[in-house]
Amino acid sequence: MEHSPVKIGVEIRGFKILQLLYTDTLYTCARAKKIRTDDSRLHQIPEHVIVLVSSDLQDTEDVSLSGFFSMMTEASRHSLHILKPIACLDNHDENSNVSPLYIFEDFDGVDLSTVLLSSLPVYTSLRLGVQLCDALAGLHKCGYIARVFCPQNVLVTLPLDTSAPSIPIIKMFLLPFALPCSQISLHRSRDLPHLGNDVVGGGLSALACVAPESTGRTDRGPDTRSDIYALGCMLYQLLTGTTPFTSHAATYMEQALQLVHAHIAQQPPLVCEVFPGLGVPMVVSQVVRHCMAKDPAQRYQSMFGAQADILACLRCMTATSPGRDFKLATHDLNAALHFSHGLYGREPQLLVLRDALDRVIYRRSRSGAIVFVRGVAGSGKTTLIEEAIQSRLGLTSSSLSSSSSPSPPPLLYGRIKFEQYKSGIPYSAITTTIGQLISQAISLDPDLEGSSELREIIGPNTHLLLEVWPAGVTLSALRRNSGGISSSLA
């Protein structure tokens, strides 16, 4: 990236950067050559290596990096397709603020994104898919998920020629965004660090393979099945030469939003339908579609299940009398206990909530709607409301939809609880809702914060609003409308 000091030719701790493999605002991975021989710590390190360093070269004592190095060491023992760590050069014996340098074995290959400008032969794609399954299975055995898994962090040998007797070999270098499963198993997606702008700063390649639950926009957290979704996206690219979803928006942020929306709400065409002339069997397309199911419960539950079906596809292609179809996931197994996020027996209540949302979305109710949900503690009121809202958010994405047909305007909604222990705060539920609605409106249109439109909507009630919602004092439109700040809020 332009602002990163890690560039080709730069020397870092006795190593000269030769080629950048991956870079974003947090980390950079590159090929490097050892140029110093006076450091005893470098004697056992090969001349050519792959290094990982903080993109700003500053030593931030990043605990996640040290944990990541240990995780990579363990994962490389479980899979031959994960780069093996060699050493870590830190500041133990130096007065330096330079970031620690993590050193890995070199691998004579190019990153996979450079060869995905066109589709690969079906047989070659499936052989690479088997190796990707092996690498991710090795990571899952250590109790981690990759989260960021894209062609940029996969190295592959050349040439990719099916007429050659040798099979292309891959090596995967993981990125420090991997998370332990124990950290995420009991959390929802929005409570976790998700794939924000920093993570995908190196481009849209990571977002092209991100699972819906890893975006931070759903009511569930990522798990090992999120990597299976990313595997399906990678297989899609290998077989077709294109990503499952594309965006032609003008700005990076608009492209990112469109891709996130597509992963959550849209279904890509079957692989065999993208370019019918490629001859991709229907069963291969079904395997890819099964990996990319929106609901994690509908995907393969383990890498072993996905790998078994890919191998079955290979056997079908090489058999003298190939049977083109077989039942998917017959060898799949649930490697971990996953709690269902589905709702059961709540269809009537969901219907009422969705009808109320539809009245607002399609302007059948001009003044909005208020719905009260009551029930004993722990009966699932919050989950019911979230399920209804999530099912309707995809209908209100006019700026995200790739369709040319007009879509409804964005839905503004507030979710509040009448808390037992906040009963002494006057109108707490109502003021919380007002704050949520105004904040959502401003996030969709930042110019609204200081516009006359907001002042006209609130009108002479500005003083009253600021009395019950003190956070509104930060909005310039409200400050101008109130003519100052009342003494009770100062």
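This one's a predicted model, so the numbers in the text were calculated from it and none came from an experiment.
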Student: So, applying side-chain hydrogen bond (donor to acceptor under 3.5 Å, both in side chains) with His140, which one of Thr224, Asp223, Asp227 is it?
Tutor: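 Among Thr224, Asp223, Asp227, the one meeting side-chain hydrogen bond (donor to acceptor under 3.5 Å, both in side chains) with His140 is Asp227.
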Student: Applying side-chain hydrogen bond (donor to acceptor under 3.5 Å, both in side chains) to Ser302 and Asp332, what does each step give before you reach the verdict?
Tutor: CA-CA 6 Å; Ser302 69; Asp332 199 12; 3.0 Å; yes
Student: Mind listing the side-chain donor-acceptor pairs of residues 271-280 below 3.5 Å, one per line with the distance, residues two or more places apart or on another chain?
Tutor:
none

Student: How close do Leu139 and Ile82 get, heavy atom to heavy atom, and via which atoms?
Tutor: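 Smallest heavy-atom distance, with atoms named: N-CD1, 4.2 Å.
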Student: Please report the closest heavy-atom contact between Cys142 and His78, naming both atoms and the distance.
Tutor: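 Answer, listing the atom of Cys142 first, then His78: SG-CD2, 3.6 Å.
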Student: Could you check whether any side-chain N or O of Ser113 sits under 3.5 Å from a backbone N or O of Pro151, counting only pairs where one atom can act as donor and the other as acceptor?
Tutor: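 Answer holds: no.
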Student: Looking at CG of Leu52 and CE of Met72, how far apart are the two atoms once the value is rounded to the nearest 0.5 Å?
Tutor: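 That separation rounds to 8.5 Å.
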Student: Please report the interatomic distance CG(Leu259) to CG(Leu257), rounded to the nearest 0.5 Å.
Tutor: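 The CG atom of Leu257 is 9.0 Å from CG of Leu259, to the nearest 0.5 Å.
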Student: Measuring from Ser285:OG to Leu239:CG, what's the distance to the nearest 0.5 Å?
Tutor: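 Those atoms lie 7.5 Å apart.
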Student: I'd like to check Ile12 versus Val51 (side-chain heavy atoms, cut-off strictly below 4.5 Å). Are they in contact?
Tutor: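 The answer is no; the side chains never approach within 4.5 Å.
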Student: Counting N and O atoms only, with roles assigned by atom type, does the side chain of Thr157 sit under 3.5 Å from a partner on the main chain of Ile169, one being a donor and the other an acceptor?
Tutor: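 Answer holds: yes.
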Student: Within a strict 4.5 Å, meaning less than it, do heavy atoms of the Thr242 and Gln237 side chains meet?
Tutor: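 When only atoms from C-beta onward are counted, Gln237 and Thr242 do not touch, as no gap falls below 4.5 Å.
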Student: Apply side-chain contact (heavy atoms from CB on, under 4.5 Å) to the pair Tyr27 and Val53, showing each step before the final yes or no.
Tutor: CA-CA 6 Å; Tyr27 307 108; Val53 68; over 6 Å; no
Student: Are Leu132 and Met303 packed together at the side-chain level, in the sense that at least one heavy-atom pair is separated by less than 4.5 angstrom?
Tutor: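 They are not in side-chain contact.
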Student: Could you tell me whether Glu11 and Arg36 make a salt bridge, using a distance below 4.0 angstrom between a side-chain N and a carboxylate O?
Tutor: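 Here Glu11 does not pair with Arg36 in a salt bridge, since their nearest N and O are not under 4.0 Å apart.
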Student: Distance from Ile264 atom CD1 to His261 atom NE2, nearest 0.5 Å?
Tutor: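 Spacing of CD1 (Ile264) from NE2 (His261) equals 8.0 Å.
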Student: Identify the two heavy atoms, one from Ile17 and one from Ala30, that lie closest to each other, and give their separation to 0.1 Å.
Tutor: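 Closest pair (atom of Ile17, atom of Ala30, distance): CG2-CB, 3.9 Å.
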Student: Is there a side-chain contact between Val6 and Ser54 in this structure, where contact means two heavy atoms from C-beta onward sitting under 4.5 Å apart?
Tutor: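 Sidechains of Ser54 and Val6: no contact.
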Student: Look at the aromatic rings of Phe69 and Tyr102 and report parallel, tilted or perpendicular, splitting at 30° and 60°.
Tutor: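 If you compare the ring of Phe69 with that of Tyr102, the planes turn out tilted.
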Student: When rounded to the nearest 0.5 angstrom, what distance separates CZ in Phe107 from NE2 in His48?
Tutor: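 Taking CZ in Phe107 and NE2 in His48, the distance rounds to 16.0 Å.
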Student: Among pairs that include at least one residue of residues 274-301, which meet salt bridge (charged side-chain N to carboxylate O under 4.0 Å, His left out), considering only residues two or more places apart or in two chains?
Tutor: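 Qualifying pairs, neighbours excluded: Glu213-Arg299, Arg220-Asp295.
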Student: Are His331 and Phe304 close enough that their ring centres sit under 6.0 Å apart?
Tutor: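 Ring centroids of His331 and Phe304 are no less than 6.0 Å from each other.
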Student: With side-chain contact (heavy atoms from CB on, under 4.5 Å) as the test, would you mind laying out the steps for Phe173 and Tyr22 before giving the verdict?
Tutor: CA-CA 10 Å; Phe173 63 88; Tyr22 177 91; 4.1 Å; yes
Student: Got a donor-acceptor contact below 3.5 angstrom from the Glu105 side chain to the Lys84 backbone?
Tutor: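 It does hold such a pair.
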Student: Determine, for Arg359 against Asp355, whether the closest basic-nitrogen to carboxylate-oxygen distance falls under 4.0 angstrom.
Tutor: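 Yes.
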Student: Locate the shortest heavy-atom distance separating Arg13 from Leu101; write the atom from each residue and the value.
Tutor: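 Shortest heavy-atom separation between Arg13 and Leu101 comes out as CD-CB, 3.8 Å.
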Student: Looking at Gly129 and Leu235, what are the two nearest heavy atoms and their distance?
Tutor: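 Looking at all heavy atoms of both residues, the shortest contact is CA-CD2, 3.7 Å.
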Student: Surrounding NZ of Lys16 (heavy atoms of other residues, nucleotides or ligands, distance under 6.0 Å), is the total greater than 12?
Tutor: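 12 or below, so no.
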Student: Would you call Val49 and Phe104 a side-chain contact if the rule is heavy atoms closer than 4.5 Å?
Tutor: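 No - every pair of side-chain heavy atoms lies 4.5 Å or more apart.
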Student: Under 3.5 Å, is there a donor-acceptor pair between the side chain of Asp134 and the main chain of Ser79?
Tutor: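 Between the backbone of Ser79 and the side chain of Asp134 there is no qualifying donor-acceptor contact (under 3.5 Å).
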Student: Less than 3.5 Å apart, any donor N or O on the side chain of Gln255 or Ser247 sitting next to an acceptor on the other?
Tutor: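 Short answer, no.
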Student: Please give me the minimum heavy-atom distance between Pro212 and Thr215, naming the atom from each residue.
Tutor: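 Smallest heavy-atom distance, with atoms named: O-OG1, 2.7 Å.
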Student: Side chains of Leu112 and Leu155: does their closest heavy-atom pair fall under 4.5 Å?
Tutor: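 No, their side chains stay 4.5 Å or more apart.
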Student: Rounded to the nearest 0.5 Å, how far apart are CG of Asp111 and CE of Met172?
Tutor: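 One gets 14.0 Å once the value is rounded to the nearest 0.5 Å.
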Student: When you compare the side chain of Gln131 with that of Leu80, does any pair of heavy atoms fall below 4.5 Å?
Tutor: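 Not touching, per the 4.5 Å side-chain cut-off.
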Student: Would Leu350 and Glu387 count as a side-chain contact (heavy atoms from CB on, under 4.5 Å) here? Give the steps.
Tutor: CA-CA 8 Å; Leu350 272 176; Glu387 179 70 20; 3.9 Å; yes
Student: Counting only N and O atoms by type, is there a donor-acceptor contact under 3.5 Å from the side chain of Ser76 to the main-chain atoms of Thr73?
Tutor: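 Looks like yes, one N/O pair under 3.5 Å.
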Student: Hey, is the main chain of Val130 close enough, under 3.5 Å, to the side chain of Gln307 for a donor-acceptor pair?
Tutor: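 It does hold such a pair.
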Student: Has the side chain of Ser214 got a donor or acceptor atom that lies under 3.5 Å from a matching backbone atom of Val210?
Tutor: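 No.
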Student: Would you say the ring centers of Tyr229 and His263 fall short of 6.0 Å from each other?
Tutor: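 When the ring centroids of Tyr229 and His263 are compared, they turn out to be within the sub-6.0 Å range.
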Student: Is the shortest side-chain heavy-atom distance between Gln152 and Leu21 below 4.5 Å?
Tutor: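 Of all side-chain heavy-atom pairs linking Leu21 with Gln152, none is under 4.5 Å.
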Student: Determine whether the side chains of Tyr300 and Asp309 contain a donor N or O and an acceptor N or O closer than 3.5 Å.
Tutor: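 Short answer, yes.
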Student: Determine yes or no for a side-chain-to-main-chain donor-acceptor pair under 3.5 angstrom, with Lys171 supplying the side chain and Val154 the backbone.
Tutor: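 Flag not set: sc Lys171 to bb Val154 has no pair under 3.5 Å.
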Student: Quick one: does Asp106's side chain have a donor or acceptor within less than 3.5 Å of a partner on Arg31's backbone?
Tutor: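 Pair absent, no side-chain N/O of Asp106 close to backbone of Arg31.
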Student: Apply side-chain contact (heavy atoms from CB on, under 4.5 Å) to the pair Tyr236 and Thr243, showing each step before the final yes or no.
Tutor: CA-CA 7 Å; Tyr236 198 100; Thr243 56; over 6 Å; no
